[in-house]
Amino acid sequence: MSKGMTREECTLAIEGLSGQIDKYAELLVRKGLCVREGQEVVVQAPVECADFARRVVRLAYREGAGHVTVIWGDDAMARLEYENVPLEHFRHTPTWKVEQLNSLAEAGACFLFIEGSDPSALDGIDPAKPAAAAHARNTECLSFRNGMDFGKNVWCIAGAPVEAWARKVFPDCAPYEAVYRLWLAILKVARADGLDPQLDWETHNAAFEKNKGFLNDMAFDRLHYTSKNGTDLTVGLNAKGIWEGGAGRTVDGTVFFPNIPTEEVFTTPARTRVDGIVYSAMPLVHAGQIVDDFWLRFEGGKVVEYDAARGGEVLRHIIETDENAAYLGECALISKRTPIRQSGLLFFDTLYDENASCHLALGTGFPECLEGGLDMDKDALLASGVNQSATHVDFMIGSDDLNVTGVKASGEEVPVFRNGAWAWESE
């Protein structure tokens, strides 16, 4: 085993990355958020990432932001709250928080969510509490939620290291070395480790067009997923469905990247046309708790049976969030030949792990994935096959031997994925 780095070496190494980290922050502000002159910018960040948050705020003002609101988070404080406050408290979002988020969204703010947390921060906490808090926020902060769901507000999710997360990803390293290595990994998989990350993202975005074009041209009626772990799932697609991926676009035409990194091409399935069984390929980290080695069986679009070797109660609370949480809102295709998968790392964070693997999502679907969907209300979307729920939880199913076959309404079958990669990548 090679000798690890000393604390001093790691300190110097991270200082040496400072210029590249600034380029990463600039990528988030310019390409992720596309900050406009005079705009309100909201940055949500862990307190442990204060240095990186300051870089982002500084650059946002440099881009012309009218004002930046920073909302801090802290795993330890969240745990203390869940440990000491009864469940009933979490069934409603405090009035001040509702006003804060809704008023910012209504003012046209763009939102940056900097992810960095301990994947096991809430181990042992009653999963009903974070589930109730998430449900309340998504149903009571409607302007905030709908602003992102219906293309009114720009938003971007990206990551920055915190020690507990870094130690989970690199368990054999000292904490300070783990943080350095996680910085390297984040920059690499986010395509932010080169001379011009913004140009690299323009090139990356162009690469989505081939895959989206193929899927949209094929107009498949359904997809059939199979793998040796037991997955045998048919996912029906909406007749007027659209495959998306890469950059997003608001209703006023602003182009932005909601996820940095992103590798997925995705759509919203027909909510009542999912049948069969699917097995997880990677752990799911949800609200500071881990669900692992699980499976779901669908009938008529709905989860009717499930189990997990770990985190079964967490999974139950996800599925029981509301009456539609047991239906799918997303199916996404990601080749195993992407930087995140090729890194060989398990990030224990959905932003990264979902972009290493084909995945599905329980809960609400995307209006932009249906022709005319952004002009519909939630009832019309539901009637058109786009699921509506107070939750959206991605889980990874992309094993190395996953095959996906597209089936047209005529019954014609077309290979889409073979052995975990786009069919044409294997040719």
Side-chain angles (χ1 to χ4, degrees), residues 206-246 263-279 281 296-303 327-338 354 357-362 364-374 376 380-387 394-427:
F208 285 96
E209 296 306 315
K210 174 183 178 180
N211 297 335
K212 288 194 298 183
F214 167 79
L215 292 166
N216 285 321
D217 288 346
M218 286 290 103
F220 291 122
D221 174 71
R222 58 196 181 274
L223 299 178
H224 185 208
Y225 295 74
T226 58
S227 62
K228 292 179 182 177
N229 63 12
T231 290
D232 187 353
L233 186 74
T234 299
V235 176
L237 303 177
N238 290 305
K240 294 185 177 181
I242 299 170
W243 288 87
E244 292 285 2
E263 303 289 343
E264 64 181 308
V265 176
F266 62 92
T267 193
T268 289
R271 69 182 298 273
T272 61
R273 296 182 56 222
V274 181
D275 294 279
I277 191 167
V278 62
Y279 286 80
L296 307 168
R297 186 166 67 84
F298 292 81
E299 287 182 4
K302 185 176 183 178
V303 176
Y327 294 83
L328 290 183
E330 178 187 4
C331 60
L333 300 175
I334 300 100
S335 172
K336 65 184 180 183
R337 294 173 180 161
T338 57
E354 75 166 7
S357 169
C358 289
H359 59 268
L360 304 170
L362 293 166
T364 202
F366 304 117
E368 67 267 30
C369 289
L370 185 74
E371 185 179 327
L374 288 172
M376 297 181 182
L381 286 165
L382 191 65
S384 299
V386 178
N387 195 39
D394 301 274
F395 61 96
M396 286 62 76
I397 65 168
S399 58
D400 281 347
D401 65 350
L402 179 70
N403 291 328
V404 181
T405 300
V407 185
K408 296 187 176 183
S410 64
E412 179 187 354
E413 296 186 354
V414 179
V416 177
F417 260 60
R418 287 296 176 262
N419 294 315
W422 294 102
W424 47 85
E425 290 181 332
S426 304
E427 295 173 353

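Here the structure is a predicted model, which means the values were calculated and not measured.
- For the residue pair Thr405/Arg222, the side-chain donor-acceptor check at 3.5 Å is not satisfied.
- Across all their heavy atoms, Phe266 and Ala332 have their closest contact at CB-CB, 3.8 Å.
- The nearest pair of heavy atoms linking Ala423 to Pro415 is CB-O, 3.7 Å.
- Leu328 places none of its side-chain heavy atoms less than 4.5 Å from the side chain of Asn387.
- Expressed to the nearest 0.5 Å, how far OG of Ser384 lies from CZ of Arg271 amounts to 11.5 Å.
- A heavy-atom distance below 4.5 Å is not found between the side chains of Lys336 and Leu402.
- Here the straight-line distance linking atom CG of Leu215 with atom OG1 of Thr267 works out to 9.0 Å at 0.5 Å rounding.
- You'll find the side chain of Val235 stays beyond 4.5 Å of the side chain of Phe220, heavy atoms only.
- A heavy-atom distance below 4.5 Å is found between the side chains of Val416 and Leu333.
- Although no hydrogens or angles enter the test, the distance criterion places no donor-acceptor pair under 3.5 Å between the side chain of Thr272 and the main chain of Gly300.
- Taking Glu330 as the reference, nothing meets the salt bridge (Lys or Arg N to Asp or Glu O under 4.0 Å) condition, with sequence neighbours excluded.
- Considering CG of Asn403 and CG of Leu223, their distance stands at 12.5 Å, rounded to 0.5 Å.
- Leu381 contributes atom CG, which lies 6.0 Å from atom CE of Met376 (distance to the nearest 0.5 angstrom).
- Remark: side-chain polar atoms of Ser357 are not paired, donor with acceptor, to backbone N or O of His359 under 3.5 angstrom.
- Heavy atoms from other residues, nucleotides or ligands lying under 6.0 Å from NZ of Lys212 number more than 12.
- Taking the six-membered ring where the residue is Trp, the centroids of Phe214 and Trp422 are separated by 6.0 Å or more.
- Of all the heavy atoms in Pro269 and Cys331, the pair that sits closest is CD-N, 3.9 Å.
- Take Asp400 and apply the salt bridge (Lys or Arg N to Asp or Glu O under 4.0 Å) test, not counting sequence neighbours, and it matches Arg341.
- Among the candidates Leu360, Asp232, Thr234, the single residue satisfying the side chain to side chain contact (heavy atoms under 4.5 Å, CB included) test with Tyr225 is Leu360.
- Looking at heavy atoms from C-beta onward, Glu209 lies out of side-chain contact with Val265 at the 4.5 angstrom threshold.
- Between the Asp401 side chain and the Asn419 main chain, no donor and acceptor come within less than 3.5 Å of each other.
- For the salt bridge (Lys or Arg N to Asp or Glu O under 4.0 Å) test, residues two or more places apart in sequence or in another chain that qualify with Arg273 are Asp221.
- Looking only at side-chain heavy atoms (C-beta outward), Tyr279 and Ser227 stay at 4.5 Å or farther from each other.
- Applying the side-chain contact (heavy atoms from CB on, under 4.5 Å) test to Lys240 and every residue at least two apart in sequence or in another chain returns Leu370, Glu371.
- The side-chain contact (heavy atoms from CB on, under 4.5 Å) check on Ala206 picks up nothing, with sequence neighbours excluded.
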The test is side-chain contact (heavy atoms from CB on, under 4.5 Å); show your working for Trp243 and Leu237 and say whether it passes. CA-CA 10 Å; Trp243 288 87; Leu237 303 177; 4.1 Å; yes

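- In this structure, Asp275 and Phe298 have side chains that are not in contact, with every pair of non-hydrogen atoms separated by 4.5 Å or more.
- The list of salt bridge (charged side-chain N to carboxylate O under 4.0 Å, His left out) pairs with a residue in residues 402-412, not counting sequence neighbours, reads Lys408-Glu412.
- Here the side chain of Asn238 pairs a donor or acceptor atom with the backbone of Thr268 at under 3.5 angstrom.
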